[in-house]
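Whatever order the structure lists them in is the order used to number ligands and atoms, beginning at 1.
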Amino acid sequence: MAWKVPLFDAEFGPEEEEALLRVIRSGWVSAGPETAEFEREFSEFLGGPEVVFLSSGTASLHLALASLGIGPGDEVIAPAFTYIATCSPVLWQGATLRLADSESLKNPNTSPRTVEGLVNERTRAVIFLHYAGFSEGIADIAKFCEKRGLFLIEDAAHTHGSVSDGRKPGTFGKIGCFSFFANKNMTSGEGGALATFDHEIAERVRRMASHGRTAAAWDRFRDSRIKTYDIIEMGYNYKATDMQAALARVQLRKLPESNERRVNLVRLYRELLSDVPGLIIPFQDYENSANYIFPVVLPEGTDRLAVMEALAETGIQTSVHYQAVHTFTYYRKMFPDLRLPVSEELTRRELSLPLYPHMGEERVRMAAEALRAALGG
Ligand SMILES: *Cc1c(COP(=O)(O)O)cnc(C)c1O
């Protein structure tokens, strides 16, 4: 299918090509100098936390839990209305997953109100997703976690470059987790980063990303005094490559401008759709959001599949972000009686319209018009 307006489209230029060539020609393609530079730059961008560049956002979520020592007998609260990667690492650690509902159709993030009833003496951590790039409620959740002595882990996979109360998402809690998957606001193909102001956690994450080793290959190449290494704890292989880091460095430089373009496109979408009866556009503060996707909540009783088909017929690709975790086959078995009314309603009614920085106003008009037509005027 050749979409006239795809859901997402990537755009790379000569800067990305040059960055990749530079790494290949250097002869060192695994984690090395580019990785160190990217970690420094991303840290500065976030306001100073330590940053560990990893093979995926999922890996960063896994190492967040592992480095905090979360395991069997512990409980972790996570949103139900999210991508599965927010939740599955909790189960890998052998911990118990507790799913929290979204605050409202207008605010699909979780909140102290939706998390509170899940806290007990076994609760260790709360994972918060800045859905679609919006941080509504993060300050309240941070306060809530601090008061109860819970670790706050932020899933900041949608939030590169947004700001909330003068702070960058990913720095409100103990650990922030970023993804650089191909369709995120900035990409390294696959990739992720973990950010924390806790030096010991950062060191542990670095080790756990490299089999629990005391010294990585690059350390030994760089410093001839390091001749051996020890394995001092359980670890994984979650390292990324210098090719990914070089790509991420270029993408980070382009991020402010591409996020600004997203804001302008979202402003237009919101204007064009503001008077569609029964349509809910979540959140308000899009100017400070990363606007990773443009989600709308369709009017009650709408046949979403029919709307998606109608838009597809005019060449416009749409998607659903997300189907609530507990409604998937594998998880239904784990949570047979769980009812989360808001997440379930979002699961039925959410629709994501196309959004990417170089989309242009004309395509926004086409998508908005097509949605209006599909909804009957
Ligand atoms: C993309 C994403 C992730 C994980 O990212 P990967 O880099 O693909 O592993 C985690 N959580 C959310 C909400 C995401 O959208």
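- Under 4.0 Å is where a charged nitrogen must lie from a carboxylate oxygen, and between Arg365 and Glu361 at least one such pair does.
- Classification of the Tyr322-His158 ring pair by plane angle, with boundaries at 30° and 60°, yields parallel.
- Here's the thing with Thr82: none of its N/O atoms is less than 3.5 angstrom from an N/O atom of ligand 1.
- Between Tyr356 and Phe8, the ring planes are perpendicular. Angles over 60° get that label, and only those under 30° would be called parallel.
- Counting protein heavy atoms only, atom 1 (C) of ligand 1 is closest to Lys184 NZ, 1.6 Å.
- Close approach of ligand 1 to Ser56 is summarised as follows: ligand atoms under 4.0 Å from at least one heavy atom of the residue are 7 (O), 9 (O).
- Atoms of ligand 1 lying under 4.0 Å from any heavy atom of Leu129, numbered from 1 in the order shown and given with element: 13 (C).
- The protein non-hydrogen atom at the shortest distance from atom 11 (N) of ligand 1 is Asp155 OD2, 2.7 Å.
- Under 4.0 Å is where a charged nitrogen must lie from a carboxylate oxygen, and between Glu257 and Arg261 at least one such pair does.
- Within the 4.0 Å heavy-atom shell around ligand 1 one does not find Tyr131.
- Residue contact check for ligand 1: Ala59 places no non-hydrogen atom closer than 4.0 Å to it.
- Within the 6.0 Å centre-distance limit, the rings of His62 and Tyr238 are counted as a close aromatic pair.
- Annotation: cation-pi geometry satisfied between Arg167 and Phe172 (NZ/CZ under 6.0 angstrom from ring centroid, within 45° of ring axis).
- For the pair Leu99 and Cys87, the minimum side-chain heavy-atom distance is below 4.5 Å.
- Between His158 and ligand 1, at least one pair of N/O atoms sits closer than 3.5 Å.
- With respect to Ser67, the side-chain contact (heavy atoms from CB on, under 4.5 Å) criterion is satisfied by exactly one of Asp198, Thr196, Ile175: Ile175.
- Residue contacts with ligand 1 do not include His321, since none of its heavy atoms lies under 4.0 Å from the ligand.
- Each of the following atoms of ligand 1 lies closer than 4.0 Å to a heavy atom of Thr86: 11 (N), 13 (C).
- Listed by number with element, the atoms of ligand 1 under 4.0 Å from a non-hydrogen atom of Gly57 are 5 (O), 6 (P), 7 (O), 9 (O).
- Regarding atom 5 (O) of ligand 1, its nearest protein heavy-atom neighbour is Ser179 OG, 3.1 Å.
- Proximity of the aromatic rings of His326 and Phe328 is defined here by a centroid distance below 6.0 angstrom, and this criterion is not met.
- Because its NZ or CZ atom is both nearer than 6.0 Å to the ring centre of Tyr229 and within 45° of the ring axis, Arg213 counts as a cation-pi partner of that residue.
- Below 4.0 Å from some heavy atom of Ala85 lie the following atoms of ligand 1, by number and element: 4 (C), 10 (C).
- Among all protein heavy atoms, the one lying closest to atom 8 (O) of ligand 1 is Phe181 CB, 3.8 Å.
- In the vicinity of Thr58, heavy-atom distances shorter than 4.0 Å reach the ligand 1 atoms 4 (C), 5 (O), 6 (P), 9 (O).
- Relative to the ring axis of Phe45, Lys168 places its NZ or CZ within 45° and under 6.0 Å from the centre.
- Short contacts between ligand 1 and Gly191, defined as distances under 4.0 Å to a heavy atom of the residue, involve ligand atoms 7 (O).
- Heavy-atom proximity to Tyr322, at under 4.0 Å, picks out these atoms of ligand 1: 15 (O).
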